[in-house]
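Just so you know, these numbers come straight off a predicted model, no measurement behind them. Letters A, B, ... are given to chains in the order of the sequence lines, protein chains preceding strands, and every chain is numbered from 1. Note that these values count all heavy atoms, side chains included, but never hydrogens, waters or copies made by symmetry.
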There are 2 protein chains.
Amino acid sequence: MSDLVERLRGQGWRMTAQRRVVAQVLDGDHTHLTADEVHARASRLLPEISRATVYNTLGEMVSLGEVIEVATDGRAKRYDPNARRPHQHLVCSGCGTIRDVHPTGSPLGDLPVAERFGFTVTEADITYRGLCPSCASGAAGAA
Amino acid sequence: MSDLVERLRGQGWRMTAQRRVVAQVLDGDHTHLTADEVHARASRLLPEISRATVYNTLGEMVSLGEVIEVATDGRAKRYDPNARRPHQHLVCSGCGTIRDVHPTGSPLGDLPVAERFGFTVTEADITYRGLCPSCASGAAGAA
DNA sequence: TTCTTGACTTGGACAGAGTCCATCGTAGGA
DNA sequence: TCCTACGATGGACTCTGTCCAAGTCAAGAA
């Protein structure tokens, strides 16, 4: 049914109806949902699921490395179930749509030692911004 | 006194005591303050300044391109007055310290057309993450 | 199958960040 | 100096996320 559910069970997770439903919501839909959206969709499958449980479950999935937390705009965090393949994000400044992208090059290598200030740098998140096709055509028409 | 104040006046800004104080706080200290920190520092110079005014003023400075909004962690946004020189950010995962950095390479060029999904891509924000020297030594000692 | 137990869930209170709005104050032009 | 539209105020409100005490239940043991 769900790869994610199987992997979580493999990690020693106690499998409850709530966790299964959250995993299904994330796994079935490769978009980037907010916690509230996950809660809304999970509620359709299991009406009595609580918000706290959704937050807890998402947090645990993030700790286990099965889900990535994406904070592109300072509003609600979004949850990206595509954690197993390294990727970056492309965000539409108009409507907020997010796409996973795979740039060439190695951003970590592009940071000279002189620019590291003694930090142990382990990660580089890139957020590309622009307008998606429909927002771009809308903007052209409006301007 | 303050370059930023002069530039804002040049943009047709009506100059009030509140705006001057916010500009001074940002201009005087090249760190990355949250709106609340800006409010706290501005209050020392002008005790009756309100939170709403600080938010409004910061928002306007961002629209004018004089200040950059940085959302590195999904918590409070930070405001970076160093908007005139393009740069990226290096964030300590331990204490949250932010440094401006200048990587080589062009991240925009690293995104193949096939990976753009028809977007008009205009910008690439890179957030490098790692541990600053003091957090790294603390972690080594603790582990 | 039943029991046991500790991990999980619930829901409501709470906190932090940010926005909104009606009202009041004032910068700057006439 | 006077006017007036732009800006400031502060309190209520929303949104996102966390915490906690009490109740529930998955899964291993007998």
Trainee: B:T127: what forms a side chain to side chain donor-acceptor pair (under 3.5 Å) with it, not counting sequence neighbours?
Mentor: none

Trainee: Whole-Å distance between D:dA8 C1' and B:H39 NE2?
Mentor: 11 Å

Trainee: Check nucleotides 14-18 of chain D against the protein and report each pair of N or O atoms closer than 3.5 Å, with its distance, or say if there are none.
Mentor:
residue: D:dG17; atom: OP1; partner: A:K77; partner atom: N; Å: 2.8
residue: D:dG17; atom: OP2; partner: A:Y55; partner atom: OH; Å: 3.1
residue: D:dG17; atom: N7; partner: A:R51; partner atom: NH1; Å: 3.2
residue: D:dG17; atom: N7; partner: A:R51; partner atom: NH2; Å: 3.1
residue: D:dG17; atom: O6; partner: A:R51; partner atom: NH2; Å: 3.1
residue: D:dT18; atom: O4; partner: A:R51; partner atom: NH2; Å: 3.4

Trainee: Enumerate the residue pairs fulfilling salt bridge (Lys or Arg N to Asp or Glu O under 4.0 Å) with a member in residues 97-120 of chain A, sequence neighbours excluded, ordered by first and then second residue.
Mentor: none

Trainee: With sequence neighbours left out, write down each residue that passes side chain to side chain donor-acceptor pair (under 3.5 Å) with A:T122, or none if nothing qualifies.
Mentor: none

Trainee: Between P on C:dA7 and CG on A:L8, what's the gap in Å once rounded to a whole number?
Mentor: 18 Å

Trainee: Is the backbone of B:A124 close enough, under 3.5 Å, to the side chain of B:Q88 for a donor and an acceptor to pair up by distance?
Mentor: yes

Trainee: With a 4.0 Å limit, can you tell me whether A:Q18 has a side-chain N or O closer than that to the phosphate oxygens OP1/OP2 of D:dT24?
Mentor: no

Trainee: Protein-nucleotides 28-30 of chain C N/O pairs closer than 3.5 Å?
Mentor:
residue: C:dG28; atom: OP1; partner: B:M15; partner atom: N; Å: 3.0

Trainee: In whole Å, what is the span from the CZ atom of B:R20 to the P atom of C:dT26?
Mentor: 14 Å

Trainee: Does any pair with a residue in residues 87-120 of chain A pass ring-ring contact (aromatic ring centres under 6.0 Å, His included), and if so which ones, sequence neighbours excluded?
Mentor: A:H32-A:H89, A:H87-A:H89

Trainee: Give the table of side-chain donor-acceptor pairs shorter than 3.5 Å for residues 58-70 of chain B, with sequence neighbours excluded, one pair per line with atom names and distance.
Mentor:
residue: B:E60; atom: OE1; partner: B:R19; partner atom: NH2; Å: 2.9
residue: B:S63; atom: OG; partner: B:G59; partner atom: O; Å: 2.9
residue: B:E66; atom: OE1; partner: B:R7; partner atom: NE; Å: 2.8
residue: B:E66; atom: OE1; partner: B:R7; partner atom: NH2; Å: 2.8
residue: B:E66; atom: OE2; partner: B:R7; partner atom: NE; Å: 3.3
residue: B:E66; atom: OE2; partner: B:Q11; partner atom: NE2; Å: 3.3

Trainee: According to ring pair (Phe, Tyr, Trp, His ring centres under 6.0 Å), who are the partners of B:H39, at least two apart in sequence or on a separate chain?
Mentor: none

Trainee: With sequence neighbours left out, what residues match A:D125 under salt bridge (charged side-chain N to carboxylate O under 4.0 Å, His left out)?
Mentor: B:R129

Trainee: Quick one: list whatever passes side chain to side chain contact (heavy atoms under 4.5 Å, CB included) with B:S106, sequence neighbours left out.
Mentor: none

Trainee: Heavy atom of residues 42-50 of chain A under 4.0 Å from DNA chain C: which residues?
Mentor: A:E48, A:I49, A:S50

Trainee: Give me the other members of the hydrophobic cluster that B:I98 sits in, counting Ile, Leu, Val, Met, Phe, Trp and Tyr linked by side-chain heavy atoms under 4.5 Å, directly or via other members.
Mentor: B:V91

